[in-house]
Trainee: 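Pasting in a structure now, in structure tokens, and then I'll have a few things to ask.
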Protein chains: 2
Amino acid sequence: MTSQAAEGPETVVASRRSKITPEREREFFDAVLEQIRECGYDSVTMEGIAASTRCSKSTLYRQWKTKPQFVAAALRASRRVRFAGIDTGSLAEDLRQAARAAGDWSGKDTRLLQALGHAVTSDQELARALREALVHPEIAALEEMLARGVARGEVRADHPALEYIPAMMFGVLRVRPVLNGQYADADYLVRFVEAAVLPALGLG
Amino acid sequence: MTSQAAEGPETVVASRRSKITPEREREFFDAVLEQIRECGYDSVTMEGIAASTRCSKSTLYRQWKTKPQFVAAALRASRRVRFAGIDTGSLAEDLRQAARAAGDWSGKDTRLLQALGHAVTSDQELARALREALVHPEIAALEEMLARGVARGEVRADHPALEYIPAMMFGVLRVRPVLNGQYADADYLVRFVEAAVLPALGLG
DNA sequence: GTGTACCGATACGGTGGAGTACCGGTACAC
DNA sequence: GTGTACCGGTACTCCACCGTATCGGTACAC
């Protein structure tokens with residue numbers, strides 16, 4: 001994005017022999033996560049990543065010892081809170097906006113979570129990285145929303161539905177492909193919030 | 001279960017050279033599904049199945065042409081409606097019982113669904129088998145419960161939460177391991193029904 | 001008893017990925 | 001200009017699995 005595009009004949013990025021830059025690293029990470037989404041964790045090969053990023057296997061193995069470590073690094077680097085900063089002053093509206101935001105990254109993240117879901121059971125580091133990259137930040141953001149709602153007196157602190165809201169949101173997000181054959185989009189999720197989440201909280 | 005256990009010295013089941021019986025077939029199916037749960041779809045090998053069931057690879061390849069076909073057959077054979085026959089006359093109680101029943105097979109089925117979730121995206125037959133074995137029967141049973149509740153006048157037919165109940169139940173079931181690190185047990189699910197599902201339906 | 005169909009075991013070639021080693025080349029520091 | 005560290009390419013070994021072929025043996029029908 002640094003408008004460094006036309007520096008050689010064709011679009012060839014003149015040979016890269018210098019130390020790996022953070023931008024270059026991100027190319028590796030993007031490539032491996034995308035391949036995992038498409039082909040599944042087991043089918044992703046270091047050779048494939050090397051080929052698709054036009055680097056050499058040696059380069060990958062110099063930076064990361066094994067495939068799971070490489071993937072875990074990619075996950076950690078991709079960590080991003082998807083609906084941070086939502087704070088409308090109303091719990092119902094916060095949840096609607098969260099649903100809308102979730103609908104936007106639903107496909108990508110759901111596929112990644114699905115593809116890694118099993119690999120994670122045999123590699124502790126990978127499991128931690130996945131939780132910290134894709135699960136924990138969103139849960140934490142949701143719980144903050146709920147806490148603010150409680151603080152404002154919109155919901156009682158001991159409301160029994162409170163503890164299930166994150167599971168409901170994530171759950172519906174994740175199983176929709178299995179049940180209906182398509183990823184949950186923003187519209188579906190917002191309607192779900194209206195129809196089930198808010199009523200469960202007594203806000204309907 | 002036909003009390004045919006002690007027929008040789010040791011527990012060795014005297015050499016099996018006859019045609020594959022349905023019982024023998026079920027051993028193959030059980031073995032492959034169990035291995036899938038433990039190691040994931042991609043890691044399961046025909047050689048491994050052959051070894052663990054003490055049959056030969058040839059035998060497997062004689063019956064089923066490919067691994068996905070073999071697995072699909074295993075899924076179809078394992079088809080079973082987990083909470084059929086629940087009909088207490090009250091929607092709330094039906095849902096509680098369904099939750100309790102679901103808690104009992106939660107671990108096994110959730111692991112299987114997780115392990116196959118990605119393989120399914122690249123094999124139509126496998127996808128159909130999975131849906132018909134593990135997803136559709138349960139969904140259908142749930143929807144029947146809801147329909148009976150509507151027919152009895154417990155819930156209005158156009159209640160907006162109705163369409164989301166199956167997704168909520170399945171969703172919470174499936175994401176609990178990711179969120180809390182443990183499978184949803186009967187107790188957790190029943191409390192979920194009380195705290196969120198019934199209130200969403202206006203039955204709380 | 002005889003025949004036959006099918007099982008279990010084993011061996012085999014082919015393929016593909018993991019991870020290592022080496023080598024030439026280039027960017028960058030000084 | 002010189003040195004050096006690190007990159008990209010390639011070749012290599014190891015290993016596991018796929019799918020096939022072969023063979024001896026045994027249950028079962030008749």
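Residue numbers start from 1 in every chain, and the chains themselves are labelled A, B, ... in the order their sequence lines are given, proteins ahead of strands.
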Trainee: Where along residues 36-48 of chain A does a heavy atom fall under 4.0 Å from DNA chain C?
Mentor: Val44(A), Thr45(A), Met46(A), Glu47(A)
Trainee: Residues of residues 55-77 of chain B with any non-hydrogen atom less than 4.0 angstrom from an atom of DNA chain D: list those, numerically ordered, please.
Mentor: Lys57(B), Ser58(B), Tyr61(B)
Trainee: My understanding is that only residues two or more places apart in sequence, or in another chain, count here; which of them pass side-chain contact (heavy atoms from CB on, under 4.5 Å) with Glu47(B)?
Mentor: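 If we apply the side-chain contact (heavy atoms from CB on, under 4.5 Å) test to Glu47(B), skipping adjacent residues, the hits are Thr45(B), Lys57(B).
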Trainee: Please check if the side chain of Asp94(B) supplies one atom and the backbone of Met145(B) the other of a donor-acceptor pair under 3.5 Å.
Mentor: no
Trainee: For Glu25(A) and dC7(D), what is the distance between atoms CD and C1' respectively, to the nearest whole Å?
Mentor: 15 Å
Trainee: Would you confirm whether Glu27(B), through its side chain, and Thr53(B), through its main-chain N or O, come within 3.5 Å as a donor-acceptor pair?
Mentor: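 Absent.
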Trainee: I want to verify a distance call: between dC7(D), dA9(C), dC7(C), whose nearest atom is closest to the Arg54(B) side chain?
Mentor: dA9(C)
Trainee: For atom CZ of Arg191(A), is the number of surrounding heavy atoms from other residues, nucleotides or ligands below 6.0 Å larger than 12?
Mentor: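 For Arg191(A), atom CZ is crowded (more than 12 foreign heavy atoms under 6.0 Å).
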Trainee: Check for me whether Arg176(A) meets the cation-pi criterion with Tyr188(A), that is, NZ or CZ under 6.0 Å from the six-membered ring centre and within 45 degrees of the ring axis.
Mentor: yes
Trainee: dG8(C) C1' sits how many Å from Lys19(B) NZ, rounded?
Mentor: 17 Å
Trainee: Measuring from atom CG of Asp42(B) to atom OG of Ser43(A), what distance do you get when rounded to the nearest 0.5 angstrom?
Mentor: 4.5 Å
Trainee: For the side chain of Lys67(A) and the backbone of Tyr41(A), is there at least one donor-acceptor N/O pair under 3.5 Å apart?
Mentor: yes
Trainee: What distance separates Asp109(B) CG from Ser78(B) OG, expressed to the nearest 0.5 Å?
Mentor: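 These two atoms lie 7.5 Å from each other.
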Trainee: Ignoring backbone atoms, establish whether Arg24(A) has a side-chain N or O less than 4.0 Å from OP1 or OP2 of dC7(D).
Mentor: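 No, Arg24(A) has no side-chain N/O under 4.0 Å of OP1/OP2 on dC7(D).
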